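First the structure, in the form of structure tokens, and then the observations on it.
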There are 2 protein chains.
Amino acid sequence: MSTDLPHTPGPPTLEDVARVAGVSRATVSRVINGIRNVAPEIQEAVHRAIAQTGYVPNRAARSLVTRRTGSVALVVSGAGDAKGGEPFETRVFADPFFGRVAGGVVGYLRPRGIHPVLMLADSAQTRDDVVSFLRQGSADGALVVSTHGEDPLPKLLVDAGLPAVLWARPARPIPISYVDLAHRAGAALAADHLVARGCRRVATISGPFDVPAAQDRLSGFQEAMARHGHPYVPAVEGDFMPASGEAGMHRLMKEHPDIDGVFVANDLMAQGALLALRDLGLRVPEDVAVIGFDDSPAVACRPPLTTVRQPMEDMAAEMARLLLAHIADPNFEVTSVIVQPTLVVRESA
Amino acid sequence: MSTDLPHTPGPPTLEDVARVAGVSRATVSRVINGIRNVAPEIQEAVHRAIAQTGYVPNRAARSLVTRRTGSVALVVSGAGDAKGGEPFETRVFADPFFGRVAGGVVGYLRPRGIHPVLMLADSAQTRDDVVSFLRQGSADGALVVSTHGEDPLPKLLVDAGLPAVLWARPARPIPISYVDLAHRAGAALAADHLVARGCRRVATISGPFDVPAAQDRLSGFQEAMARHGHPYVPAVEGDFMPASGEAGMHRLMKEHPDIDGVFVANDLMAQGALLALRDLGLRVPEDVAVIGFDDSPAVACRPPLTTVRQPMEDMAAEMARLLLAHIADPNFEVTSVIVQPTLVVRESA
DNA sequence: CCGGCATCGGAGAGCGCTCTCCACCCCGTG
DNA sequence: CACGGGGTGGAGAGCGCTCTCCGATGCCGG
């Protein structure tokens with residue numbers, strides 16, 4: 001029960017541990033970082049000293065010399081001035097999409113001891129903040145989820161030479177790694193299924209036209225239907241929120257009362273569409289079959305939704321994997337990973 | 001168009017800026033931090049030099065001396081080994097509750113230039129990680145959201161003398177600041193409303209009994225009903241997820257077919273309950289009135305849900321405010337803030 | 001028995017910043 | 001005209017860590 005605690009005030013430092021262990025700072029550093037060989041008995045002594053002093057390495061000091069922080073920025077980038085009302089942060093986090101991406105990222109990063117820093121970029125100012133944040137070495141790289149295609153942030157990051165990986169292909173090609181879904185293939189899956197179950201008059205509720213993924217789902221669906229001999233597919237535009245799905249469905253049924261199948265560009269809108277159909281006294285799938293997109297676990301529908309599954313968690317983990325690769329090796333080649341969707345058949349179609 | 005860029009390699013440092021501006025490091029530092037008076041023309045020169053060199057202060061170096069990082073940990077703490085299936089990160093982020101808290105935290109912190117680091121603590125190991133993370137100065141404090149009452153993390157934080165603020169009162173009293181809702185008052189609001197609209201046979205679907213908030217909502221409801229002359233209120237336990245609300249409602253109606261009003265401990269379960277009622281061919285609110293809890297914007301119900309509003313965003317912002325106060329002043333007194341809920345009347349009751 | 005080569009611990013120089021002194025200058029005052 | 005004091009800039013000492021040298025030691029072959 002000796003009292004050889006550090007004589008210095010404040011938290012114990014390497015120096016303190018070294019003194020207690022009777023070795024030099026360098027040696028303690030070596031055993032902590034497992035670099036080079038250190039005699040077993042000395043390692044032992046050092047570990048005892050660490051336990052005794054309750055030492056924890058200071059991250060600022062370490063990253064000052066290693067130029068690594070062990071954290072990455074997880075940034076959600078979009079336009080704050082969009083359709084008014086809710087502030088950006090509220091809209092972002094209310095979207096189950098973000099939650100799934102965050103979950104996937106955390107799932108991959110956590111076992112590796114690295115933590116994501118949450119950032120929102122919805123204006124020129126905040127985009128610059130993100131770039132500064134990385135430049136000042138607060139994070140080693142960025143995972144960027146853009147809510148619309150023309151986001152300027154990716155280019156800023158590339159120009160600054162900062163490691164970054166995107167969710168989804170950027171609207172205009174820039175040399176940056178990204179992970180995306182084969183949206184057209186997913187939409188085709190839906191078209192095939194609708195046709196196979198005998199639908200003769202199908203329509204679609206698409207996402208916002210300025211979102212590339214929405215475009216791809218729409219055109220992919222139209223093309224697939226064309227291949228099945230349906231060159232014209234009624235379409236209305238939604239905004240990925242339930243209310244727009246409900247409104248869109250109402251409009252579709254009003255303009256084309258004979259519709260017997262609908263492909264909705266995401267599950268949230270599909271949920272709204274189901275509500276609308278119910279209001280209209282139409283049975284699903286008997287009268288109208290409905291297929292959603294994403295396979296959001298949070299979306300509970302009646303009847304259970306048939307949907308195109310987007311493995312967001314896996315995709316997010318893949319983003320994290322790519323980012324770490326870029327950080328570890330600055331010359332790591334720009335890579336794009338395209339993930340294949342699958343159709344999950346439940347009851348709505 | 002001079003080329004007096006820094007002669008040194010790598011990103012520009014204070015030294016470089018000082019050289020370009022023709023002043024000392026100390027002066028540049030003073031200008032940047034706005035500390036003490038600096039002659040206007042020198043300030044001007046420094047700003048020009050900063051712009052010219054593209055200087056960004058190095059955060060590691062700064063926090064090495066200031067012992068401040070400008071970031072806080074946002075930790076979600078719970079039990080990973082709970083009802084199997086989904087990993088913890090998936091469950092956490094799928095819950096709209098988390099999103100709203102995160103939104104509120106970010107909304108408050110962002111204008112202040114500080115960013116939250118996302119952490120999950122679902123085991124002894126990961127709890128220690130959180131403590132280490134703070135001890136090694138990676139963040140200045142922690143905002144802790146526990147998913148169950150007996151979470152050991154708050155005590156670990158207190159024992160380590162780390163600044164932290166909790167979401168919700170801890171199960172056993174410990175000297176730590178927290179922000180909570182007046183759950184009992186909220187439940188009473190629901191009881192009063194149900195009674196006022198003429199319900200004579202009311203029941204409740206509660207949250208998990210090991211969550212203090214769920215207990216409070218349940219007992220608060222029971223007590224309020226007792227005051228209205230209904231000493232016995234049928235209750236079933238749910239887990240805050242839609243499926244359990246659906247199952248609970250079915251059980252309730254089976255055991256007490258005459259029920260005409262239900263208080264459901266959160267909106268997600270209320271959504272499930274509505275589904276169940278619809279399956280049973282019961283009209284809401286004519287046959288059975290339903291009141292939820294939380295007022296989650298993400299929950300779209302048919303009919304629109306009457307619910308007890310919990311201003312989560314404001315509460316989260318308040319947590320952040322308290323944490324910053326604790327960080328700024330280590331002697332800041334432990335404080336608990338209790339927020340009053342309100343009843344939002346829509347159509348379901 | 002000695003030289004050469006691994007092996008392994010220590011010394012010390014920074015990493016980029018803040019902040020305490022200290023020196024200096026320019027007032028006003030006696 | 002000397003002196004004190006407020007205001008301003010510079011010098012320099014760290015903050016706690018990593019990592020490159022270097023030197024000491026032990027072991028091998030010649």
Side-chain angles (χ1 to χ4, degrees), chain A residues 6-47 49-50 53-70 132-138 140, chain B residues 6-47 49-50 53-70 132-138 140:
Chain A
H7 322 77
T8 57
T13 70
L14 251 203
E15 189 71 51
D16 297 320
V17 177
R19 195 179 323 109
V20 171
V23 297
S24 74
R25 276 206 320 280
T27 301
V28 178
S29 175
R30 280 195 275 258
V31 346
I32 289 176
N33 299 300
I35 228 66
R36 258 185 46 176
N37 270 355
V38 174
E41 65 274 19
I42 292 198
Q43 285 197 38
E44 178 62 16
V46 169
H47 281 129
I50 290 177
T53 54
Y55 172 74
V56 178
N58 178 303
R59 195 137 84 111
R62 176 178 286 178
S63 68
L64 180 57
V65 23
T66 60
R67 316 191 141 271
R68 278 290 153 67
T69 67
S132 289
F133 190 78
L134 293 168
R135 291 223 307 142
Q136 69 189 5
S138 298
D140 301 331
Chain B
H7 321 79
T8 56
T13 70
L14 250 204
E15 189 71 52
D16 297 320
V17 177
R19 197 181 318 111
V20 172
V23 297
S24 74
R25 273 207 321 280
T27 301
V28 178
S29 176
R30 281 195 272 257
V31 171
I32 291 176
N33 298 301
I35 226 67
R36 257 187 45 174
N37 268 357
V38 174
E41 65 272 19
I42 292 198
Q43 284 196 38
E44 178 63 15
V46 169
H47 281 129
I50 289 176
T53 53
Y55 171 75
V56 178
N58 179 302
R59 209 159 46 138
R62 176 176 287 179
S63 67
L64 180 56
V65 26
T66 60
R67 310 182 150 274
R68 277 290 152 68
T69 67
S132 289
F133 189 78
L134 293 168
R135 291 223 308 141
Q136 71 189 3
S138 298
D140 300 330

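Naming: A, B, ... by sequence-line order, numbering from 1 per chain. Quick caveat: nothing in here was measured; it's all calculated off a predicted structure.
Side chain of A:Thr13, nearest nucleotide from C:dG9, D:dC17, C:dT18: D:dC17.
Remark: the B:Gln136 side chain and the B:Ser138 side chain contain an N/O donor-acceptor pair separated by less than 3.5 Å.
Comparing B:Val65 and A:Val65, the nucleotide of DNA chain D nearest to each residue sits closer to the 5' end for B:Val65.
The CZ-P distance, from A:Arg62 to D:dC15, rounds to 19 Å in whole Å. At whole-Å resolution of the value, CZ in B:Arg68 and P in C:dC17 are 19 Å apart. In this structure, A:Ile32 atom CD1 and D:dG16 atom C1' are separated by 11 Å, rounded to whole Å. The nearest whole Å value for the distance from the CD1 atom in A:Ile42 to the P atom in D:dT25 is 13 Å. Between the C1' atom of D:dC17 and the CG atom of B:Leu64 lies a distance of 8 Å, rounded to the nearest Å. The distance from atom CZ of A:Arg19 to atom P of D:dG16 is 12 Å, rounded to the nearest whole Å. If you take CZ of A:Arg30 and P of D:dC17, they are 15 Å apart, rounded to a whole angstrom. Between the CD atom of A:Gln136 and the C1' atom of C:dC15 there is a distance of 16 Å, given to the nearest Å.
Under 4.0 angstrom from either OP1 or OP2 of D:dT18 there lies no side-chain N or O belonging to A:Thr66. Of the side-chain N and O atoms in A:Ser24, none sit less than 4.0 angstrom from OP1 or OP2 of C:dA11. Distances shown here put a side-chain N or O of B:Thr27 below 4.0 Å from the OP1 or OP2 atom of D:dG10. Between A:Asn58 and D:dC15 there is no side-chain N or O to OP1 or OP2 distance below 4.0 Å. The shortest distance between the side-chain N/O atoms of A:Asn37 and the OP1/OP2 oxygens of C:dT7 is not below 4.0 Å.
Counting distance only, with no hydrogens placed and no angle test, the side-chain atoms of B:Arg67 and the base atoms of D:dG16 include no donor-acceptor pair under 3.5 Å. A donor-acceptor contact under 3.5 angstrom links the side-chain atoms of A:Arg25 to the base of D:dT18.
Taking every heavy atom of both residues into account, B:Val46 and B:Val17 meet most closely at O-CG1, 4.3 Å. When all heavy atoms are compared, the tightest approach of A:Ala45 to A:Ala21 is O-CB, 4.0 Å. Taking every heavy atom of both residues into account, B:Arg135 and A:Gly54 meet most closely at NH2-O, 2.7 Å. B:Pro12 and B:Thr53 make their closest contact through CG-O, 3.3 Å (heavy atoms, listed as atom of the first residue, atom of the second, distance).
When atom types are taken as modelled, the side chain of A:Ser29 and the backbone of A:Arg25 share no donor-acceptor pair closer than 3.5 angstrom.
Within the 4.5 Å cutoff, no side-chain heavy atoms of A:Val23 are placed close to those of A:Val38.
Rounding to the nearest 0.5 Å gives a distance of 13.0 Å between OG of A:Ser24 and CZ of A:Arg19.
Inter-axis angle, ends of the helix from C:dC1-D:dG30 to C:dG30-D:dC1, five pairs per end, rounded to 10 degrees: 50°.
A:Ala39 comes within contact range of the sugar-phosphate backbone alone, with a heavy-atom separation under 4.0 Å but no base atom that close. Counting non-hydrogen atoms under 4.0 angstrom, B:Ile35 reaches nothing in the nucleic acid.
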